[in-house]
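A quick write-up on the structure given underneath.
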Amino acid sequence: MQLDFSEEQKELGASVRPFFEKECASSVVREVMCGEAPFHAGLWAKLGEQGFLAAAIPEQYGGVGADYSGL
């Protein structure tokens with residue numbers, strides 16, 4: 001049974017972490033948790049610009065084709 005992330009998953013995590021450290025401050029999290037909106041529109045747009053929203057889209061349609069653990 002594989003309990004560790006694959007090299008590809010580790011690389012993905014290493015590329016995503018700096019984005020969230022920079023763009024997702026605790027104030028953004030609080031705004032969503034305590035506010036009326038179900039998500040932060042600005043953060044969502046930046047996630048799309050970086051291509052992170054394509055993680056679950058199959059490669060044949062222009063996505064990354066990640067599995068659930070990759071998400």
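This structure is a prediction, so every number in the text was calculated from the model and none was measured. Scope of the values below: all heavy atoms of this structure, side chains included, with no hydrogens, waters or symmetry mates. We're numbering straight along the sequence, starting at 1.
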Give me the atom names and distance for the closest heavy-atom approach of [X] to [Y].
| X | Y | value |
| --- | --- | --- |
| Ala54 | Gly62 | CB-O, 4.5 Å |
| Ser15 | Pro18 | O-CD, 3.6 Å |
| Lys46 | Phe19 | CB-CZ, 3.8 Å |
| Cys24 | Val29 | SG-CG2, 3.9 Å |

Tell me if the CD atom of Glu8 is crowded by more than 12 foreign heavy atoms within 6.0 Å. no
Could you see if Phe5 belongs to whatever hydrophobic cluster contains Val16? Use Ile, Leu, Val, Met, Phe, Trp, Tyr and a side-chain cutoff under 4.5 Å. no
Going hydrophobic residue to hydrophobic residue with side-chain gaps under 4.5 angstrom, can you get from Val28 over to Leu47? yes
Could you give the distance from NE2 (His40) to CD (Glu23), rounded to the nearest 0.5 Å? 10.0 Å
Quick check for you: to the nearest 0.5 Å, what is the distance between Phe52 atom CZ and Leu43 atom CG? 10.5 Å
Quick one, Trp44 with Leu53, criterion side-chain contact (heavy atoms from CB on, under 4.5 Å). Give me CA distance, side-chain angles, the key distance, then yes/no. CA-CA 9 Å; Trp44 191 256; Leu53 300 180; 3.9 Å; yes
I'd like to know if the side chain of Gln9 reaches the main chain of Ser6, judged simply by a donor and an acceptor atom lying under 3.5 Å from each other, with no hydrogens or angles considered. yes
